[in-house]
Amino acid sequence: MHDHSHSHGSNTRIGWAFFLNVTFTIIEFIGGILTNSTAIMADAVHDLGDSLSIGFAWFLSKVSEKGSNSEFTYGYRRLSLLGALINGLVLIIGSAWVLTEAIPKLLQPEMPMVEGMIALAVFGVLVNGFAAYKLSKGKTLNERILNWHLLEDVLGWVAVLIVSIVLLFVDWPILDPALSFLFTLYILINVAKNLWHTIRLFLQAIPDKELSKSVYKTLIELEEVDSIHHLHLWSLDGEHHVLTAHLALQDALSMQQQLELKKSIAERLSKFNLEHTTIELEMTDEQCRDASEAL
């Protein structure tokens, strides 16, 4: 049975984090322009990415409650992959824009409005810290992942705060564009890794090679099984996986033996927490209808 109160609590916490982040991201962009700080603009792009991630997670957590239907037979989990793809593209565009602002300032650094930077940095630590605190009460995987994003934001704002305090006492304006350059580089490296992972999942690549090997080993160890073909493992969203496989049997089995084998298969596969499994039993000398593509 689905726990609606648990789901509602998760949605509320993610919703809180989303509205806090998106409001503060707008303030960041305005503050970055007013203080002439590329470091704040870079962090604004980072927060924009996190706002999109939280927004998609919130939307998905609400939509996924609908479950599967006759049109979307696997449900709506793959929407999170679409969200990750859009998020990645937005961050790449935003990061490229920050670099066009930061690189000229590395060559000709300008002193930002340091007092404004300090105020925004303190505000950033408080807002992101509060959002992280709200999500830390959650138990879902979504909430844990988003909480790490927000803790990264807190650390980013601590870095901005430290740099702005240093600039109060030392005339080193290059620290601001240098920090923004490092922020942007960090964003791009993470975006590149996540985009590649997302594209692989869209193309239905195996989500985890070790998992695939473990599943194969678990099934081939069944004494009734002679060989396995058409073992396909793919993922709905990177967390919830789908398995299909054809098992060629050593000997013909009675109906009772087949039921016992199916029960044994279900027990062995339960440790993998697969979202959907489809197992077909065949005789070794049987012509598989999918033989032309047998793996």
Problem set entry | Distance (rounded to the nearest 0.5 Å) between Leu52 CG and Ile86 CD1 | 8.5 Å
For this session: Could you state whether Phe130 and Leu126 fall into the same hydrophobic cluster, counting links through intermediate Ile, Leu, Val, Met, Phe, Trp or Tyr residues with side-chain heavy atoms under 4.5 angstrom apart?
Result: yes
For this session: For ring-ring contact (aromatic ring centres under 6.0 Å, His included), just list the numbers for Trp234 and Tyr74, CA-CA rounded to whole Å, side-chain angles, deciding distance to a tenth of an Å, and then say yes or no.
Result: CA-CA 12 Å; Trp234 56 282; Tyr74 279 111; 5.4 Å; yes
Exercise. What closest approach, in Å, do Leu201 and Leu81 show between heavy atoms, and which atom pair accounts for it?
Worked result: CD1-CD2, 3.7 Å
Problem set entry | Close side-chain approach of Leu281 to Gln258, heavy-atom, < 4.5 Å | yes
Exercise. Would Leu168 end up clustered with Val163 when hydrophobic side chains under 4.5 Å apart are linked, directly or stepwise?
Worked result: yes
Exercise. Side-chain donor-acceptor pair under 3.5 Å between Tyr133 and Asn128, yes or no?
Worked result: no
For this session: Could you pull out all residues at least two apart from Tyr186 that satisfy ring-ring contact (aromatic ring centres under 6.0 Å, His included)?
Result: none
Problem set entry | Distance (rounded to the nearest 0.5 Å) between Ile40 CD1 and Asp47 CG | 11.0 Å
Exercise. Can you name the nearest heavy-atom pair linking Ile33 to Met41, along with the distance?
Worked result: N-SD, 3.8 Å
For this session: Give a yes or no on whether the backbone of His240 and the side-chain of Asp237 come within a donor-acceptor separation of less than 3.5 Å.
Result: yes
For this session: Without swapping roles, check the side chain of Gln257 against the backbone of Ser254 for a donor-acceptor pair under 3.5 Å.
Result: yes
Problem set entry | Side chain proximity check, Ile165 to Phe169, heavy atoms < 4.5 angstrom | yes
Exercise. Judged by modelled atom types alone, do Asn194 and His197 share a side-chain donor-acceptor pair under 3.5 Å?
Worked result: no
For this session: Scan for ring pair (Phe, Tyr, Trp, His ring centres under 6.0 Å) pairs involving residues 244-266, sequence neighbours excluded, and state none if there are none.
Result: His229-His246, His230-His246
Seminar exercise, completed: Note: Thr73 and Ser70 closest approach over all heavy atoms is CG2-O, 3.8 Å
For this session: Rounded to the nearest 0.5 Å, what's the gap from CD1 on Ile206 to CG on Leu211? Could you check?
Result: 9.0 Å
Exercise. Does one hydrophobic cluster hold both Val170 and Met111, with members joined at side-chain heavy-atom distances below 4.5 Å?
Worked result: yes
Problem set entry | Non-hydrogen atoms of Thr25 and Ser51 that approach each other most closely | OG1-OG, 3.2 Å
Problem set entry | Ser164 side chain to Val160 backbone, donor-acceptor under 3.5 Å | yes
Exercise. Which residue pairs pass the ring pair (Phe, Tyr, Trp, His ring centres under 6.0 Å) test when at least one of the two sits in residues 21-44, sequence neighbours left out?
Worked result: Phe24-Phe123, Phe24-Trp157
Exercise. Taking atom types as modelled, is there a side-chain donor on Thr244 or His232 under 3.5 Å from an acceptor on the other?
Worked result: no
For this session: May I ask you to test the Val125-Val158 pair for a side-chain heavy-atom distance under 4.5 Å?
Result: yes
Seminar exercise, completed: So the ring pair (Phe, Tyr, Trp, His ring centres under 6.0 Å) pairs with at least one residue in residues 79-117 (sequence neighbours excluded) are none
For this session: Flag yes if Leu247 and Ile220 sit in one hydrophobic cluster, no otherwise; membership is Ile, Leu, Val, Met, Phe, Trp, Tyr, and two members link when side-chain heavy atoms are under 4.5 Å apart.
Result: yes
For this session: Take Val45 and Thr184 through the side chain to side chain contact (heavy atoms under 4.5 Å, CB included) test and state the conclusion after the steps.
Result: CA-CA 8 Å; Val45 170; Thr184 305; over 6 Å; no
For this session: Indicate if Ile162 and Val127 have the same hydrophobic cluster label, given that clusters are the connected sets of ILVMFWY residues with side-chain heavy-atom separations under 4.5 angstrom.
Result: yes
For this session: Under the side chain to side chain contact (heavy atoms under 4.5 Å, CB included) rule, what do Gln250 and Val225 come out as? Steps first, then yes or no, please.
Result: CA-CA 6 Å; Gln250 301 269 14; Val225 175; over 6 Å; no
Exercise. Got a second to check how far Leu243's CG is from His241's NE2, nearest 0.5 Å?
Worked result: 11.0 Å
Problem set entry | pair Leu249-Glu282: side-chain heavy atoms closer than 4.5 Å | no
Exercise. How far does CG of Leu185 sit from CG of Asn190, to the nearest 0.5 angstrom?
Worked result: 10.0 Å
Exercise. Is there any side chain to side chain donor-acceptor pair (under 3.5 Å) pair reaching into residues 206-228, and which pairs are they, with sequence neighbours excluded?
Worked result: Lys217-Glu221
Exercise. Which pairs pass salt bridge (Lys or Arg N to Asp or Glu O under 4.0 Å) with one or both residues in residues 105-125, sequence neighbours excluded?
Worked result: none
Exercise. So do the side chains of Lys262 and Ile279 get within less than 4.5 Å of each other, counting heavy atoms only?
Worked result: no
Problem set entry | Nearest heavy-atom neighbours spanning Pro177 and Pro173 | CD-O, 3.1 Å
Problem set entry | Nearest-0.5 Å distance, CG of residue Leu48 to CG of residue Asn21 | 10.0 Å
Exercise. What pair of heavy atoms forms the shortest contact from Leu179 to Ala39, and how long is it?
Worked result: CD2-CB, 3.9 Å
For this session: Answer yes or no: is there a side-chain heavy-atom contact under 4.5 Å between Met113 and Met117?
Result: no
For this session: Give the C-alpha distance, both sets of side-chain angles, the deciding distance and a yes or no for side chain to side chain contact (heavy atoms under 4.5 Å, CB included) between Ile265 and Leu222.
Result: CA-CA 8 Å; Ile265 291 170; Leu222 289 159; 3.6 Å; yes
Problem set entry | Any Leu233 side-chain heavy atom under 4.5 Å of Val242 side chain | no
Exercise. Would you call Phe18 and Thr23 a side-chain contact if the rule is heavy atoms closer than 4.5 Å?
Worked result: no
